[in-house]
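For reference, the structure discussed in these notes is given below.
For clarity, every value in this text was computed on a predicted model and none was experimentally measured. Letters go in sequence order (proteins before strands), and every chain restarts at 1. Any value given below was found using the heavy atoms of this structure, including those in side chains, with hydrogens, waters and symmetry copies removed.
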There are 2 protein chains.
Amino acid sequence: MTIGEIADRTGLPAKTIRYYEDIGLIRPARDSSGYRVFAETDFHKLAFLGRARALGFSIGDCRTLLALYEDENRASADVKRLAQQHLETVEGKIALLEAMRDTLRDLIHSCAGDSRPDCPILKDLAKD
Amino acid sequence: MTIGEIADRTGLPAKTIRYYEDIGLIRPARDSSGYRVFAETDFHKLAFLGRARALGFSIGDCRTLLALYEDENRASADVKRLAQQHLETVEGKIALLEAMRDTLRDLIHSCAGDSRPDCPILKDLAKD
DNA sequence: ATAAGGGTTCCAGTCACTGGAAGGTCAAGG
DNA sequence: CCTTGACCTTCCAGTGACTGGAACCCTTAT
């Protein structure tokens, strides 16, 4: 498989796949003229990475997850702990964003949104 | 006011305040030896910026908001529209994170988290 | 004189890509 | 055989919003 084919199959941009090779997440073979040649195992790894990234895992976490995936002697507790920690960061981000959302909603609700300059949104941002 | 004093008063790191000067958000005066001298208006601007950033507005949006704040002839509709658009991005991010959270919760729930290698989390990431 | 505790600039790094330039390779068509 | 176009390659720079650190300057107190 060429990089274009595997990009189509995984849905990852070719640039991203090259980047993943750069940082050592994958090691595709090369043909005589230097083109990357992807095996089925590379495809699985990239699909795995794509899904882990889609769940918001950092590249560092993805590296750990891939290592656990390839370790026949792993303990599922290690995977679970990593996922649990990640879940907590995601929940923290949601809480932050929800607080922003609520404030924004209030402010927007209180603003007339007409041609006059008077604006509670700016008033709030400028409050002492 | 020195940068340290205004950093204390606004809660912004001195580094951030220098950065805001770099990108032209503020223009503090300088004393004879090159130290920044912050006036009360600088303090207000920085406090404004701090609150806008805390609501998640981008630096670009903050620049627009500051300009609107200083424009006596603004229309509150312009402020409201900006806030509305930002609210929508925030809501989009929340939706993404909530989808991640729900999947993560399911996966974590289904994983024994013991010393055995069998792990539904990895199984899901590796699914075809 | 010196030490502490400010301040200054400038450069590099973060994260995970993304864009673009300059050039090599390959298959198909004329 | 030559060209065209679609691929592929590497390398460098930029993104956003800071953050860390080095090297150096200024002021005040001892």
Side-chain angles (χ1 to χ4, degrees), chain A residues 1-39 42 45-46 48-66 85-86 89-90 92-93 96-97 100, chain B residues 1-39 42 45-46 48-66 85-86 89-90 92-93 96-97 100:
Chain A
M1 252 177 301
T2 66
I3 198 168
E5 287 161 355
I6 205 160
D8 285 348
R9 276 185 70 189
T10 59
L12 296 170
K15 279 265 181 190
T16 299
I17 297 172
R18 291 198 192 96
Y19 172 69
Y20 286 171
E21 183 187 9
D22 252 25
I23 62 173
L25 285 175
I26 51 166
R27 272 178 211 286
R30 299 290 180 128
D31 71 9
S32 57
S33 57
Y35 284 25
R36 287 170 186 81
V37 180
F38 293 86
D42 295 313
K45 275 196 192 184
L46 285 170
F48 183 101
L49 287 169
R51 273 188 291 269
R53 292 286 299 130
L55 284 179
F57 285 103
S58 71
I59 292 285
D61 283 352
C62 288
R63 204 182 292 273
T64 306
L65 286 169
L66 257 190
Q85 282 170 5
H86 177 51
T89 29
V90 168
K93 284 183 189 174
L96 272 180
L97 288 168
M100 289 179 191
Chain B
M1 253 176 301
T2 65
I3 198 168
E5 287 161 356
I6 205 162
D8 285 350
R9 277 185 69 191
T10 58
L12 296 170
K15 278 265 181 190
T16 299
I17 298 172
R18 291 197 192 95
Y19 172 70
Y20 286 171
E21 184 187 7
D22 252 25
I23 61 173
L25 285 176
I26 50 166
R27 272 179 212 284
R30 299 292 179 127
D31 72 10
S32 56
S33 57
Y35 284 25
R36 287 170 186 82
V37 180
F38 294 86
D42 295 313
K45 275 196 193 184
L46 286 169
F48 184 100
L49 287 168
R51 272 186 292 268
R53 292 288 298 128
L55 284 178
F57 284 103
S58 71
I59 291 286
D61 283 351
C62 287
R63 205 183 292 274
T64 307
L65 286 170
L66 258 189
Q85 282 171 4
H86 178 51
T89 29
V90 167
K93 284 183 190 174
L96 272 181
L97 287 168
M100 289 179 191

Whole angstroms only, please: what is the [atom1]-[atom2] distance between [X] and [N]?
| X | N | atom1 | atom2 | result |
| --- | --- | --- | --- | --- |
| A:Ile17 | D:dT9 | CD1 | C1' | 15 Å |
| A:Asp22 | D:dT9 | CG | C1' | 12 Å |
| A:Ile6 | D:dC7 | CD1 | C1' | 16 Å |
| A:Glu21 | D:dT9 | CD | C1' | 11 Å |
| A:Ile3 | C:dT25 | CD1 | P | 17 Å |
| A:Arg18 | D:dA13 | CZ | P | 19 Å |

Counting distance only, does the side-chain N/O of [X] pair as donor-acceptor with the main-chain N or O of [Y] below 3.5 Å?
| X | Y | result |
| --- | --- | --- |
| B:His86 | B:Leu55 | yes |
| A:Thr16 | A:Leu12 | no |
| B:Asp8 | B:Glu5 | no |

What are the two closest non-hydrogen atoms of [X] and [Y], and how far apart are they?
| X | Y | value |
| --- | --- | --- |
| B:Leu66 | B:Phe48 | CD2-CD2, 3.7 Å |
| B:Val37 | B:Asp42 | O-OD2, 4.1 Å |
| A:Tyr20 | A:Ile59 | CE2-CD1, 3.6 Å |

Base, sugar-phosphate, or nothing: which does B:Ile23 touch, judged by heavy atoms less than 4.0 Å apart?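 No contact.
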Scan A:Arg36 against the nucleic acid and name what it touches under 4.0 Å (heavy atoms): base, sugar-phosphate only, or nothing.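 Since only primed, P, OP1 and OP2 atoms lie under 4.0 Å of A:Arg36, the category is sugar-phosphate.
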Verify salt bridge (charged side-chain N to carboxylate O under 4.0 Å, His left out) between B:Glu21 and B:Arg27, making sure each step is shown before the conclusion. CA-CA 6 Å; B:Glu21 184 187 7; B:Arg27 272 179 212 284; over 6 Å; no
Nearest 0.5 Å, what's the CZ-CG distance between B:Arg53 and B:Asp61?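 If I round to the nearest 0.5 Å, the distance is 9.5 Å.
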Per-nt protein contacts along nucleotides 11-22 of chain C (heavy atom under 4.0 Å; B base, S backbone sugar-phosphate only, - none) come out as -----BBSBB--
Side chain to side chain contact (heavy atoms under 4.5 Å, CB included) involving A:Tyr19 - partner list, sequence neighbours excluded: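 A:Ile23.
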Under the rule for salt bridge (charged side-chain N to carboxylate O under 4.0 Å, His left out), what residues qualify as partners of A:Arg9, not counting sequence neighbours?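 A:Arg9: salt bridge (charged side-chain N to carboxylate O under 4.0 Å, His left out) contacts with A:Glu40.
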Among residues at least two apart in sequence or on other chains, which ones pass salt bridge (charged side-chain N to carboxylate O under 4.0 Å, His left out) with A:Arg51?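 Result, salt bridge (charged side-chain N to carboxylate O under 4.0 Å, His left out) vs A:Arg51: none returned.
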Degree of bending in the helix from C:dA1-D:dT30 to C:dG30-D:dC1 once both end axes are built from five pairs, to 10°: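 End axes: 40° apart.
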Can you list, by residue number, the residues of residues 24-34 of chain B that have a non-hydrogen atom closer than 4.0 angstrom to DNA chain C?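 The stretch gives B:Arg30, B:Gly34 as the residues lying under 4.0 Å from the strand, ordered by number.
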